[in-house]
Visitor: 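Below: one structure in structure tokens.
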Amino acid sequence: MPLKSCCVYSTGVFSVLFLVLGIALILSHVFSHAVQSLVRKEVILKNGTEAFEAWENPPAPIYMQFYFFNVTNSLEILDGDRPAVVQIGPYTYREYRPMEQVNFQDNGTKVSAVNTKTYVFVRNMSRGPESDLIRTVNIPAMTVMERVKNSVIQASLISAYMRGADQGLFTTRTVGELLWGYEDDLLTVVKHLVPDLDNVFGLFYKRNASNDGDYVFFTGQQNYQDFARVDTWNGKSSLNWWSSDECNMINGTNGASFHPVITKNEELYMFSSDLCRSIYGLYEEDVTVKGIPGYRFSLPAKVFANMSVNPANAGFCVPAGNCMGSGILNVSLCKQGAPIIMSSPHFYQAEEKYVQDVFGMEPQKEQHQTVIDINPLTGIILQAAKRLQINVYIEKISAFSQTGNVRTLVFPVVYLNESVVIDDASVLKLQAVVREQEVLANIPFILIGLGIILGAVFIILMCRQKVPESTAAERKPLLTS
Ligand SMILES: *[C@@H]1O[C@H](CO)[C@@H](O)[C@H](O)[C@H]1NC(C)=O
Ligand SMILES: *[C@@H]1O[C@H](CO)[C@@H](O)[C@H](O)[C@H]1NC(C)=O
Ligand SMILES: *[C@@H]1O[C@H](CO)[C@@H](O)[C@H](O)[C@H]1NC(C)=O
Ligand SMILES: *[C@@H]1O[C@H](CO)[C@@H](O)[C@H](O)[C@H]1NC(C)=O
Ligand SMILES: *[C@@H]1O[C@H](CO)[C@@H](O)[C@H](O)[C@H]1NC(C)=O
Ligand SMILES: *[C@@H]1O[C@H](CO)[C@@H](O)[C@H](O)[C@H]1NC(C)=O
Ligand SMILES: *[C@@H]1O[C@H](CO)[C@@H](O)[C@H](O)[C@H]1NC(C)=O
């Protein structure tokens, strides 16, 4: 009899113990903290770590796709009609972007590097060859006209030259020329007047097999949240194109790597030299990519909102005080004075007037937003798409008959979609980590389950001990039947 009750009581004690332990483990997050601190230690930029290898040479294939807007009513536009465009694309390039000239500094807390990008045309993922013709705004001409419009003599000389050379507001060029550059007669002539202009024009001119400047990154050795964060770009820790210190800040990584242990309430900052500014993503929803759990971060409308919606954006009005509408960014200063305006494709999240101004704009969240799906524990990118549209600001310039009666417009030229999906080898590695995390996360629940079972056993045993013989005997047949 004493032995039996000892067993019964120890069942009770263990039941309580397991329950308390399980609940304590859940509340204290011991296991998730342990896993997180392990990951934090591994994810630093240090020669030999997996994180360094993936940073130096991204294993997943990256594709850069271009969608051009072919102008269909150029004559009517010059008469003051609303432009009509047809989207043509994609023209797809495989993008290779290794980090080069990698040098560790300051006891391994920083690393300097350049990010060399090479683009190789992929014909079977493209709508047509690079020799396809696109009619679009003559950006060199628009740039030159804007540059000299206030000098009567220069303007009349150049206007006469343009008439002779049959150069107008629109031009028809191949996809290859528009992207990678072509020699422009007008620019060659104007070079004598405005020496800082290049006589070759292309939206991605000099961008193949070259880099966007010298970077110094933090390695994350001191603080995991600094992993791959940009310290300086071209030797400077801030920009000088914008009119406030806040807007000139270089925030976050270069968008290709993120720190581990990502939380839902953080602003995921990244600096984009294409955009000439830092931007951030906010948590949107949970996603699963190739079986790996992730958080989807996307750019909130606030990032490109105008000053009245987001006062922090006041500094993006250039020159100071000259604000454009929501959803667009004047990057003229960082594009050698060309009247270039950036936006999301099809003016997604921009003011309705920009969408209405051009026939053929159809903003859609799924296709046109910038998203990053990221595994929160490791910070590894599962899938991402950076989407940007390059536009030109056009207006009637009275000194140039070439501009006819054109409306004042933000004119879409091309949009790009730079995307990546995690490769299968990385998925396998991540699966192991995710499974480990899941097993550990389940331990407290297993303990609680055990506690409940033991508790039930304990109660049954107690009842049996207390219950008078007669009732127990009456019950037995019931249970066995
Ligand atoms: C990393 O180590 C390898 C071999 O030990 C060496 O060849 C390479 O130069 C190192 N890389 C850097 C950036 O120090
Ligand atoms: C970019 O350069 C690489 C090699 O340097 C070359 O193979 C590729 O064709 C070039 N791409 C374009 C679009 O010119
Ligand atoms: C495209 O062509 C390349 C070879 O040039 C091939 O490796 C690849 O599998 C092809 N892709 C598709 C989608 O057909
Ligand atoms: C773009 O428009 C021009 C002029 O209408 C036309 O010649 C050209 O074929 C179009 N491009 C494509 C790829 O359809
Ligand atoms: C950079 O981050 C700071 C906060 O750390 C923020 O106030 C500022 O607006 C950010 N700037 C840009 C351009 O994102
Ligand atoms: C864009 O910025 C440039 C440089 O500050 C400025 O000259 C130009 O007027 C701006 N464009 C518009 C449309 O405000
Ligand atoms: C700013 O954007 C909001 C929403 O797009 C719009 O209602 C407002 O008129 C804009 N303000 C200015 C000054 O452009």
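All values below come from the heavy atoms of this structure, side chains included, with hydrogens, waters and symmetry mates left out. Numbering of ligands and ligand atoms starts at 1, following listing order.
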Visitor: Taking only non-hydrogen atoms of Trp242, do any sit less than 4.0 angstrom from ligand 5?
Guide: no
Visitor: Would you say the side chains of Arg147 and Thr143 form a donor-acceptor pair under 3.5 Å?
Guide: no
Visitor: Is there a donor in the side chain of Glu130 and an acceptor in the side chain of Tyr93, or the other way round, less than 3.5 Å apart?
Guide: yes
Visitor: So which protein heavy atom does atom 6 (C) of ligand 5 come closest to, and at what separation?
Guide: Tyr269 OH, 3.8 Å
Visitor: Purely on distance, is any nitrogen or oxygen of Tyr280 under 3.5 Å from one on ligand 5?
Guide: no
Visitor: Using a strict threshold of under 4.0 Å (side-chain N to carboxylate O), is an ion pair present between Asp274 and Lys335?
Guide: no
Visitor: Just to be sure I'm reading this right: ignoring hydrogens, which of Asn310, Ile279, Asn251 gets closest to atom 1 (C) of ligand 5? Compare them by their nearest heavy atoms.
Guide: Asn251
Visitor: Do the charged groups of Glu284 and Lys365 touch, with an N to O distance under 4.0 Å?
Guide: yes
Visitor: Parallel, tilted or perpendicular: which describes the rings of Phe201 and Tyr182, with under 30° parallel and over 60° perpendicular?
Guide: perpendicular
Visitor: What about Trp180 and Tyr205, are their ring centers closer than 6.0 Å?
Guide: no
Visitor: Would Tyr295 and Asn375 count as a side chain to side chain donor-acceptor pair (under 3.5 Å) here? Give the steps.
Guide: CA-CA 6 Å; Tyr295 290 167; Asn375 176 252; over 6 Å; no
Visitor: For ligand 5, does Ala312 get within less than 4.0 Å through its side chain, its backbone, both, or neither, judged by non-hydrogen atoms?
Guide: neither
Visitor: Heavy-atom distance from atom 11 (N) of ligand 2 to the protein below 4.0 Å?
Guide: yes
Visitor: Look at the aromatic rings of Phe121 and Tyr91 and report parallel, tilted or perpendicular, splitting at 30° and 60°.
Guide: parallel
Visitor: Give me the nearest non-hydrogen protein atom to atom 7 (O) of ligand 2 as residue plus atom name, then the distance to 0.1 Å.
Guide: Val120 CG2, 4.5 Å
Visitor: From atom 4 (C) of ligand 3, is the closest protein heavy-atom distance below 4.0 Å?
Guide: no
Visitor: Students should be able to answer this: which protein heavy-atom is nearest to atom 2 (O) of ligand 3, and at what distance?
Guide: Asn124 ND2, 2.3 Å
Visitor: Can you pull out the closest protein heavy atom to atom 14 (O) of ligand 2? Residue, atom name and distance to 0.1 Å, please.
Guide: Asn208 ND2, 3.4 Å
Visitor: Under a 4.0 angstrom heavy-atom cut-off, which atoms of ligand 2 come close to Trp180?
Guide: 13 (C)
Visitor: What atoms of ligand 2 come within less than 4.0 Å of a heavy atom belonging to Tyr93?
Guide: 13 (C)
Visitor: I need the nearest protein heavy-atom contact for atom 8 (C) of ligand 5: residue, atom name and distance, please.
Guide: Glu246 CG, 3.6 Å
Visitor: Is Arg277 in polar range of ligand 5, meaning some N or O pair under 3.5 Å apart?
Guide: no
Visitor: Using a 4.0 Å cut-off to any heavy atom of Tyr119, which atoms of ligand 2 qualify?
Guide: 1 (C), 8 (C), 10 (C), 11 (N), 12 (C), 13 (C)
Visitor: Does one side chain, of Asn251 or Ser278, offer a donor that lies under 3.5 Å from an acceptor on the other?
Guide: no
Visitor: Answer side chain, backbone, both or neither: which part of Leu179 comes under 4.0 Å from ligand 2, heavy atoms only.
Guide: neither
Visitor: Could you check whether the rings of Tyr415 and Phe69 sit parallel, tilted or perpendicular, using 30° and 60° as the cut-offs?
Guide: tilted
